[in-house]
Amino acid sequence: MSTAMQVFSPIAVNGMRIANRFVRSATAEGLAAPDGSVTDRLEAAMAALARGGVGLVVSGHAYVEKRGQAGVGQMGVHTPAMEAGVARLARCVHAHGGRFVVQLAHAGGRADSALSGEPAVGPSESEGNAAAGIGPSGAMTAEDLARVQAAFGAAAALCRDAGADGVQIHAAHGYGLSQFLSPRTNRRSGAYGGSLENRARLLLETVGAIRSLVGRDFPLLVKINSEDFIEGGMTAAESRQVVAWLEAAGVDAVELSGGTLDSGRLSPVRPGRFAIPEGEAWYRESARALKAQGLGIPLILVGGVRSLETAEAVVASGMADMVALSRPLIREPGLVARWRAGDVAPSACVSDNLCFVPLRKGEGVSCLTEAREKRRAASRPQGEAE
């Protein structure tokens with residue numbers, strides 16, 4: 001495969017030089033210790049991604065305060081003791097030529113109070129969703145809002161000091177900051193509710209809190225929904241306006257995703273096989289619209305990319321500047337290296353979401369389908385074709 005393809009060309013994000021246009025989109029690994037610290041398994045997972053050719057490795061969502069923890073095995077960046085683990089991850093990614101960014105997150109009303117030991121709080125009171133395992137949550141007070149901003153800022157400074165190349169704010173998929181952006185979940189009045197400007201206030205103030213501590217030269221990215229794909233959620237037009245505000249506030253790159261965990265088949269992890277290339281790059285029209293409105297910072301597009309053909313088309317056409325992958329890299333951390341070496345078969349990921357079964361059990365994310373296929377192959381008599 002020719003390395004002249006644009007998807008294999010380097011790019012810089014606020015001075016962070018990335019070897020190619022492939023990004024490992026933040027994916028919950030479930031491999032951290034109970035206190036949120038880095039384990040050998042988590043370090044090995046990050047190293048495998050960088051060794052496998054991914055130019056920019058974004059960590060799984062890391063909670064900035066214990067009250068914002070979403071799930072078991074989630075990494076934390078909430079105390080100074082976490083800095084050593086982030087440094088381990090940065091070193092192992094750098095050792096294989098990659099760049100490392102930590103995704104900073106707060107689950108808001110989706111936080112797991114059984115894990116955190118504190119009541120969950122979001123933009124508004126919620127009864128939760130017992131069927132989805134989401135408990136009730138309270139509404140953040142003014143003190144809570146200030147605490148969240150401070151936690152994001154402190155976490156960003158910790159990551160910078162640990163040697164990470166940047167941080168990404170998680171403002172997508174119906175977690176904390178995404179909840180504030182959505183009128184479906186944000187039913188507040190006052191400065192943080194109602195108009196889009198008010199609903200985006202916490203996100204923009206969080207950007208300011210981070211910049212006040214890390215300065216302008218440290219790369220700051222944001223992951224945001226193209227739209228929520230749910231009745232009463234954030235719309236595509238609203239998303240484009242928020243992205244414009246983020247650029248003006250000094251954000252260095254935006255990753256465009258879509259949907260929430262309540263969006264059914266339009267969730268961020270849409271189930272089932274889809275046509276290649278027609279069914280790939282789910283948010284392509286939103287990406288084109290962002291570019292058309294004059295976006296001046298790099299745009300990362302995630303969502304349903306399974307082939308090198310589509311990844312190259314996304315970059316070569318100017319639809320986006322980088323392409324992010326999630327589930328394909330659970331199945332095959334070395335996918336990018338395989339493509340670059342000339343084996344351009346699409347990802348073997350079938351999007352059955354069985355990878356989340358061990359994650360929910362506290363065993364860490366892994367591809368059960370691949371494991372099953374390997375067992376079947378090993379049990380066949382030698383020489384027997386499938």
**Message:** Would you say that V167 contacts L220 through its side chain, given a criterion of any heavy-atom pair below 4.5 Å between the two side chains?
**Reply:** yes
Taken to the nearest 0.5 Å, the spacing of C367 SG from R331 CZ works out to 4.5 Å
F180 and L145 have their tightest heavy-atom pair at CZ-CD2, 3.6 Å
- Message: Salt bridge check, D352 against R327: does any charged N sit closer than 4.0 Å to a carboxylate O?
- Response: no
Can you confirm whether P219 sits close enough to V101 that some side-chain heavy atom of one is under 4.5 Å from a side-chain heavy atom of the other?
no
Q: Report whether I276 and V344 are members of the same hydrophobic cluster (ILVMFWY, side-chain heavy atoms less than 4.5 Å apart, transitive linking).
A: no
Residues 214-265 vs ring pair (Phe, Tyr, Trp, His ring centres under 6.0 Å), sequence neighbours excluded, gives none
Open item on the list: One pair to check against side-chain contact (heavy atoms from CB on, under 4.5 Å): V222 and Q168. What are the steps and the verdict?
Closed with: CA-CA 5 Å; V222 171; Q168 181 186 66; 5.6 Å; no
d(S317 OG, R284 CZ) to nearest 0.5 Å is 8.5 Å
Quick note, ring pair (Phe, Tyr, Trp, His ring centres under 6.0 Å) partners involving residues 278-331, not counting sequence neighbours, are F274-W282
Between R24 and P333 (side chain of the first, backbone of the second, donor and acceptor by atom type, cut-off under 3.5 Å), is there such a pair? no
Minimal heavy-atom distance between A287 and L301, with the atoms involved, is CB-CD1, 4.1 Å
*When you measure from the side chain of R201 to the backbone N and O of A191, does any donor-acceptor pair fall under 3.5 Å?*
yes
Original post:
Do R216 and D252 sit within salt-bridge range, that is, some charged N less than 4.0 Å from a carboxylate O?
Top reply: yes
Name each donor-acceptor pair under 3.5 Å that joins a side chain in residues 146-153 to protein atoms two or more places apart or in another chain, with its distance.
from, atom 1, to, atom 2, distance (Å)
R147, NE, E65, OE1, 2.6
R147, NH2, E65, OE1, 3.3
R147, NH2, E118, OE1, 3.2
Q149, NE2, E205, OE1, 2.9

Ring pair (Phe, Tyr, Trp, His ring centres under 6.0 Å) pairs touching residues 21-46, sequence neighbours excluded, are F8-F22, F22-W339
Would a 4.5 Å heavy-atom cut-off, applied to side chains only, mark R270 and R265 as touching? no
CD (Q74) and OH (Y63) are apart, to the nearest 0.5 Å, by 6.5 Å
**Q.** Check: D321 side chain, L299 main-chain N or O, donor-acceptor pair, under 3.5 Å
**A.** yes
Check: S263 side chain, D228 main-chain N or O, donor-acceptor pair, under 3.5 Å:
yes
| query | Would a hydrophobic clustering, with Ile, Leu, Val, Met, Phe, Trp and Tyr connected at side-chain separations under 4.5 Å, put V77 with I169? | reply | yes
In short, L202 meets T206 closest at the heavy-atom pair O-OG1, 2.7 Å
| message | Between S351 (side chain only) and R273 (backbone N and O only), is there a donor and an acceptor less than 3.5 Å apart? | response | no
Across all chains, not counting sequence neighbours, the side chain to side chain contact (heavy atoms under 4.5 Å, CB included) partners of P277 are E280, E309, T310
One should read off an interatomic distance between I330 CD1 and C355 SG, to the nearest 0.5 angstrom, of 4.0 Å
Nearest heavy-atom contact between P123 and Q179 is CD-OE1, 3.4 Å
Tightest non-hydrogen contact, residues H94 and R99, listed as CD2-NH1, 4.2 Å
ask   = Does S137 use its side chain to pair, donor to acceptor, with the backbone of E125 at less than 3.5 Å?
value = no
Looking only at atom types and distance, does a side-chain atom of D144 sit under 3.5 Å from a main-chain N or O of V121, one as donor and one as acceptor? no
Original post:
Honestly curious: do L261 and F356 fall in one hydrophobic cluster under the side-chain, below-4.5 Å linking rule?
Top reply: no
Ignoring hydrogens and geometry, is there a side-chain-to-backbone donor-acceptor pair from D343 to R338 under 3.5 Å?
-> no
Check: Just checking, is any N or O donor in the side chain of R199 or S182 under 3.5 Å from an acceptor N or O on the other one?
Finding: no
Would L115 end up clustered with M75 when hydrophobic side chains under 4.5 Å apart are linked, directly or stepwise? no
- Would you please test E285 and R288 for salt bridge (charged side-chain N to carboxylate O under 4.0 Å, His left out) and show each step? CA-CA 5 Å; E285 296 307 320; R288 289 192 180 106; 2.5 Å; yes
| message | Quick one: does any side-chain atom of R21 pair with a main-chain N or O of S9 as donor and acceptor, under 3.5 Å? | response | yes
Quick check: do D112 and Q69 have side-chain heavy atoms less than 4.5 Å from each other?
no
Residue pair Y192 / M140, side-chain heavy-atom distance below 4.5 Å:
no
Could you check whether R184 and T260, counting side-chain N and O atoms only, form a donor-acceptor pair closer than 3.5 Å?
no
Q) Checking side-chain contact (heavy atoms from CB on, under 4.5 Å) for the pair E83/V86: CA distance, chi angles, key distance, verdict? A) CA-CA 5 Å; E83 183 177 332; V86 175; 5.7 Å; no
Item to check | Note, M319 side chain near K291 side chain (heavy atom, < 4.5 Å) | outcome: no
Note: L325 and V302 closest approach over all heavy atoms is N-CG2, 4.5 Å
With no hydrogens and no angle check, is any side-chain donor or acceptor of N225 less than 3.5 Å from a backbone partner on G259? yes
One should read off an interatomic distance between H106 NE2 and R67 CZ, to the nearest 0.5 angstrom, of 5.0 Å
Query raised in the report: Taking the side chain as C-beta and beyond, is there a heavy-atom pair between L56 and M16 under 4.5 Å?
Result: yes
Practice problem: Evaluate the side-chain proximity of L221 to V254: yes if any heavy-atom separation is below 4.5 Å, no if none is. | Solution: no
query: Does the side-chain contact (heavy atoms from CB on, under 4.5 Å) test come out yes or no for D262 and R110, once each step is laid out?
result: CA-CA 11 Å; D262 298 317; R110 286 189 176 274; 2.6 Å; yes
Distance col, row L196:CG vs S239:OG, nearest 0.5 angstrom, shows 9.5 Å
- prompt: Counting heavy atoms not belonging to R17, are there more than 12 under 6.0 Å from its CZ?
  reply: no
*Is atom CD of E143 surrounded by more than 12 heavy atoms (other residues, nucleotides or ligands) closer than 6.0 Å?*
no
- Look at the side-chain heavy atoms of Ile, Leu, Val, Met, Phe, Trp and Tyr, link any pair under 4.5 Å apart, and say whether V58 and V305 land in one connected group. no
Across all chains, not counting sequence neighbours, the ring-ring contact (aromatic ring centres under 6.0 Å, His included) partners of H170 are H173, Y175
Open item on the list: Between D40 and R88, does any side-chain N to carboxylate O distance fall below 4.0 Å?
Closed with: yes
Original post:
Do the side-chain N and O atoms of S25 and K223 include a donor-acceptor pair separated by under 3.5 angstrom?
Top reply: yes
